[in-house]
Amino acid sequence: MKHTLWYKDAIIYQIYPRSFCDANNDGLGDIPGIISKLDYLKELGVNCVWLSPVYDSPQKDNGYDISNYRDIYKPFGTLEDFKKMLSEMHKRGIRLIMDLVVNHTSNEHPWFKSAISDKNSPYRDYYIIKKGKKNGKKPPTNWTGFFGGSTWERIGESDEYYLHLFTKEQPDLNWENPKVRDEIVDILRYWLDMGVDGFRCDVITLISKKQDFKSRFPTIALCGKDAYVMGPKLHTYLRELYDRAYSDYDCMTVGESVLCSLKDTLSLVDPERKELDMIFNFSHTDVDNYLGVKYLYRDFKLTRFKNRLAKYQYGLYQKGWNSLFIENHDQRRSVGRYGTLERGPLSITSSKSLGASYFFLQGTPFIYQGQEIGMRNPSFKSIDEYQDVEIHNIYNMTKKSRFLNALIGKHLFDVSRDNARTPMQWSKQDYFGFSKVTPWLNGTLDNIDRNVEDELKDNDSLFHFYKRMIEIRKKYKVVIEGKFDLLYKRNKDLFIYTRTLGKEQLLVICSFAKKDTKCPISSLDNYQLLLSNYQEHKDKLQPFECRIYIKGV
Ligand code: TEU
């Protein structure tokens, strides 16, 4: 089937199902809850949804540990609910991409249960099982994982271990085994035949491992990552999935590519290679940390932020497609981050400026649930209020090490993934209108001012600003195809860029300054103002003022 490029016009809204809307009042979001909010998404103007995992799962990593790829986690609903949701989305012109988690399964997947219970199991080689050292008393290598600790778990009292780059409940699949690849192709076709429009491919750049499985020189985090990031057969496997599955459907793929460079990105999204349509790159979200380790906190600098974004705009232009995002379910909220203000009279103004700064770049923009209404991090006080396995693992490590506690303890809560996973705030009603009972992870009432009901009524709200940005993206071709140019790259307060397509030019001016700032552009006479976060405009740019102009239309 023809592989159209619909994703270039897509505006994609990410739903984290646990926290979106709870229709049956068990404290957990669910699929009927999503169906009940599709008209809201239509009102916002998005035309595609990325749905975080809803497959059957013991939920050790909130669904990123799958025990049955062809059924729905019962508390979320049924396959019939899913098919109804898909149909209702399509009726509204909203496509659906599923979260594809195939670097690993759950340890409760039947494949894994069989693999570790019987050395002669046909599924034994579906996983990466190696002999430990010192008669099994030590793991095969000194690699460390994304959630801290060793990447190896001993199998009972045997001298063998299995590999898990994430929790021990998420054993890595052995992609070297063609039977594993056959299984994945079948899973892809099962959902594509159901009408799903594509996939967000979880940690897809980790699926190929170097086969030497040797220890590495110890590092502060992710020891051994060279053995599995952008592994030796990754491109082969990605092309195989395209040839055996994606190519038969008008679908889209976006790969989550942790720890990847621009060079890696170009190799993954080159259309000629038929591997992935785009990827999530994290260089701009790593601006406020060191070495890409989010616990090593670093003050934000706008020049670093805009130049890293610009690097990918220039680097991918006419070579491959890009994704654009500032939030997701693994990142803390952007309110109070990236130079914006968490509270006070300029908080929403600053979030509008940040939103405009990424939303008109070249690529497919993603909006994470609650980002469009300016949801903030919860003000949790104790580790007991956090649910995520990642922060609990890291917290326990800091409790055992004064050095680690001194190095990362201070910002641990700030960077927790739970910050993005509190219930979607639909109203000021109890439990934010998310549920009628205490949610699985509660929000905090000091953030109740940011809710859908109030923002729909307020024409000057962040919601309506996002809605207008989406309208502009849909109206002007220059936003999709225009060449990006960064202006005033060394200006530490202003992020200004143009997008040019023939005579058409979009000019995006975003101030991140808390005070009036001189606008360096001498004349704006030929431009038409499309959108701004201020009603009146002066010679100077007002605090956090953003303006989107166009000319040549
Ligand atoms: O995330 C991969 C990943 O690297 C993140 O865990 C990230 O490094 C970390 O969260 C930074 O805080 C994907 C999913 O998005 C995540 O939710 C899963 O936990 C993980 O893979 C394992 O499937």
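Atoms within each ligand, like the ligands themselves, are counted from 1 in listed order.
Looking at Gln331 against ligand 1, nothing comes within 4.0 Å, counting heavy atoms.
Atoms of ligand 1 found under 4.0 Å from any heavy atom of Val203, numbered from 1 in the order shown, are 2 (C), 13 (C), 21 (O). If you number the atoms of ligand 1 from 1 as listed, the ones under 4.0 Å from a heavy atom of Phe146 come out as 4 (O), 8 (O). With ligand atoms numbered from 1 in the order given, ligand 1 contributes 6 (O), 19 (O) to contacts under 4.0 Å with heavy atoms of Phe147. The contact set between ligand 1 and His104, taken as ligand atoms under 4.0 Å from a residue heavy atom, comprises 22 (C), 23 (O). Close approach of ligand 1 to His329 (heavy-atom distance below 4.0 Å) involves ligand atoms 14 (C), 15 (O), 16 (C), 17 (O). Close approach of ligand 1 to Arg200 (heavy-atom distance below 4.0 Å) involves ligand atoms 14 (C), 15 (O). Close approach of ligand 1 to Glu390 is summarised as follows: ligand atoms under 4.0 Å from at least one heavy atom of the residue are 9 (C), 10 (O), 11 (C), 12 (O).
Distance check, rounded to the nearest 0.5 Å: NE2 of His164 to CG of Asp65 gives 13.5 Å.
At least one side-chain heavy atom of Arg333 sits less than 4.5 Å from a side-chain heavy atom of Tyr368.
Trp175 does not carry Lys233 over the face of its six-membered ring by the limits of under 6.0 Å from the centre and within 45° of the normal.
What sits closest to atom 1 (O) of ligand 1 on the protein, heavy atoms only, is Glu256 OE2, 3.1 Å.
In this structure a side-chain-to-backbone donor-acceptor pair under 3.5 Å is present from Gln170 to Tyr64.
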